[in-house]
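Just below is one structure, and these are the notes that go with it.
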Amino acid sequence: MTNAVNAKVTRGSSQTNSSPALIIRGLEKKFGSGNRSTVALQSFDLTVQQGEFITIVGASGCGKSTLLSLVAGLEKPTAGSLEVNGQVAFMFQDATLLPWLTAKQNIELSLRLRGVAKSERSGKALELLTRVRLEHAANRRPHELSGGMRQRVALARCLAQEARIVLMDEPLGALDAMTRDLLHDEIERVAKEAELTVLFVTHNMREAIRLGDRVILMGNDPGRIVHEQNISLARPRQIDSADVATRAADLTKQLREVSTHDNL
């Protein structure tokens, strides 16, 4: 357990069948002090169930990435409570692979850091690459992989950490539209097979609808939840379908109204 000034953070490495993956109550994060302080998040409440896929949308500077950093333990909250039940892994916009290692060796490094025996690493790394359909590229270095392939290696690296909660900070933002669509399918498939709980930050409302069980809209000054929407559309979904487009338009309108009010 880690305590900030007025905050309570509880972390567990495993989940029980009855416990939510994530419970956030009254979470606040300030940067700086006195007149120069900035409130990145305030009065933030969110409960995420095991296996739930949450997508988070908001304007730049509304605290989306700060929220993920708090859940990951990279930042400490100023106030409120945060309960994380399960191992956490982070997937960034850049795959952040070590360029001198092959795809397989990057996965083996994660296994090594987790304490997996040397004799088991090679087989487990290949198994994980197979799960993201990249076993054929096991011996390629990052510069020999496409952007989408690098992100699939990054996803396999998350699985290598035995993560139950995966935080994704715009992991597809730098990819072309066709590659992004293919990665939507892969992320959805792997998340379902591995029973992952996912917090996925994006600026793309259609992407949020395409992937999310629930969409969280955030306002800024301070960062906070302004709307939650359960997405009941049957899976698999297509990002260019009429149903996705209609819901995305409705939520974009709501977010635009909030953003306009915040900036007045």
Side-chain angles (χ1 to χ4, degrees), residues 22 24 27 29 38-49 51-71 90-94 147-148 151 166-189 191-192 196-264:
L22 184 64
I24 300 173
L27 198 67
K29 177 61 181 178
T38 299
V39 181
L41 287 177
Q42 189 174 74
S43 302
F44 197 98
D45 295 314
L46 181 66
T47 299
V48 181
Q49 301 300 326
E52 194 173 11
F53 201 121
I54 301 293
T55 51
I56 304 170
V57 188
S60 296
C62 72
K64 303 184 299 295
S65 295
T66 297
L67 172 65
L68 297 192
S69 294
L70 291 168
V71 174
F90 215 132
M91 206 175 150
F92 300 93
Q93 184 171 5
D94 189 300
Q151 287 299 59
V166 178
L167 312 175
M168 300 186 176
D169 196 356
E170 295 193 78
L172 311 182
L175 303 179
D176 62 86
M178 183 176 294
T179 302
R180 178 181 285 216
D181 285 351
L182 293 174
L183 264 293
H184 288 159
D185 294 339
E186 289 299 299
I187 288 173
E188 183 178 55
R189 177 183 61 81
K192 182 178 180 180
L196 300 177
T197 301
V198 180
L199 269 65
F200 187 106
V201 164
T202 178
H203 281 99
N204 187 319
M205 192 68 78
R206 287 199 186 193
E207 181 172 73
I209 303 293
R210 160 70 181 84
L211 289 171
D213 297 317
R214 183 163 36 128
V215 178
I216 305 296
L217 302 186
M218 289 183 61
N220 54 11
D221 290 332
R224 67 206 187 279
I225 295 176
V226 295
H227 183 70
E228 296 183 30
Q229 181 70 57
N230 291 320
I231 306 301
S232 58
L233 295 176
R235 296 181 185 274
R237 303 169 188 161
Q238 298 298 321
I239 197 167
D240 56 355
S241 73
D243 286 337
V244 168
T246 298
R247 284 163 175 77
D250 290 342
L251 289 179
T252 298
K253 181 179 178 181
Q254 292 189 47
L255 186 59
R256 185 178 292 117
E257 290 174 351
V258 170
S259 298
T260 300
H261 181 270
D262 286 343
N263 290 322
L264 289 177

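Along the sequence shown, residues are numbered consecutively beginning with 1. All of these numbers come straight from a predicted model, not from anything done at the bench.
Annotation: salt bridge (charged side-chain N to carboxylate O under 4.0 Å, His left out) contacts of E170 (sequence neighbours excluded): none. Qualifying side chain to side chain donor-acceptor pair (under 3.5 Å) partners for D243, counting only residues two or more places apart in sequence or in other chains: none. For D181, the side chain to side chain contact (heavy atoms under 4.5 Å, CB included) partners two or more places apart in sequence, or in a different chain, are H184, I239.
Here the straight-line distance linking atom CD1 of I216 with atom CZ of F44 works out to 7.0 Å at 0.5 Å rounding. For the atom pair OG (S241) and CG (L233), the distance works out to 7.0 Å, reported to the nearest 0.5 Å. Taking CG of L217 as the reference point, atom CD of E228 lies at 9.0 Å (rounded to 0.5 Å). In this structure, E52 CD and L196 CG are separated by 13.5 Å, a value rounded to the nearest 0.5 Å. Here CG of L182 is found 14.0 Å from CD of Q151. Values are rounded to the nearest 0.5 Å. Separation of atoms CD1 (I24) and CG (L67) is listed at 5.0 Å; rounding is to 0.5 Å.
Put simply, the side chain of L27 does not reach to within 4.5 Å of the side chain of L46, judged on heavy atoms. Residues M205 and L255 form a side-chain contact, since some pair of their non-hydrogen atoms from C-beta on lies under 4.5 Å apart. In this structure, V226 and Q254 have side chains that are not in contact, with every pair of non-hydrogen atoms separated by 4.5 Å or more.
Closest approach of V201 to P171, counting heavy atoms only: O-CD, 4.3 Å. Closest heavy-atom contact between A191 and V198: CB-CG2, 4.2 Å. Contact detail for R206 and N204: the closest heavy-atom pair is N-OD1, 3.0 Å. Listed here is the closest heavy atom pair of S60 and N220: O-ND2, 4.1 Å. Residues V57 and A208 come closest through the heavy atom pair CG2-CB, 3.5 Å. Minimum heavy-atom separation, G219 to C62: O-CB, 3.6 Å.
Between the side chain of K64 and the backbone N or O of A59, at least one donor-acceptor pair lies under 3.5 Å. K29 places no side-chain N or O within donor-acceptor distance of the main-chain N or O of V39, the cut-off being under 3.5 Å. A donor-acceptor pair is defined here as one N or O able to donate and one able to accept, closer than 3.5 Å; such a pair exists between the side chain of R237 and the backbone of I209. For R224 (side chain) and P222 (main-chain N/O), a donor-acceptor pair under 3.5 Å exists by modelled atom type. Under a 3.5 Å cut-off, the side chain of T246 and the backbone N or O of A242 do form a donor-acceptor pair.
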Between R214 and T55, does a side chain to side chain contact (heavy atoms under 4.5 Å, CB included) hold up when you go through it step by step? CA-CA 6 Å; R214 183 163 36 128; T55 51; over 6 Å; no

Go through I54 and F200 one step at a time and tell me if the side chain to side chain contact (heavy atoms under 4.5 Å, CB included) criterion holds. CA-CA 6 Å; I54 301 293; F200 187 106; over 6 Å; no

Evaluate the criterion side chain to side chain contact (heavy atoms under 4.5 Å, CB included) for residue pair T47 and L22; output intermediate values, then yes/no. CA-CA 6 Å; T47 299; L22 184 64; over 6 Å; no

Verify side chain to side chain contact (heavy atoms under 4.5 Å, CB included) between Q93 and D169, making sure each step is shown before the conclusion. CA-CA 6 Å; Q93 184 171 5; D169 196 356; over 6 Å; no

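In the model, T202 has a side-chain atom that pairs as donor or acceptor with a side-chain atom of E207 under 3.5 Å.
A salt bridge is defined here as a Lys NZ or Arg NE, NH1 or NH2 lying under 4.0 Å from an Asp or Glu carboxylate O, and R210 with E188 meets this definition. Salt bridge status for D213 with R235: present, with a side-chain N to carboxylate O gap under 4.0 Å. Salt-bridge annotation for R189 and E186: present, with a side-chain N of the basic residue lying under 4.0 Å from a carboxylate O of the acidic one.
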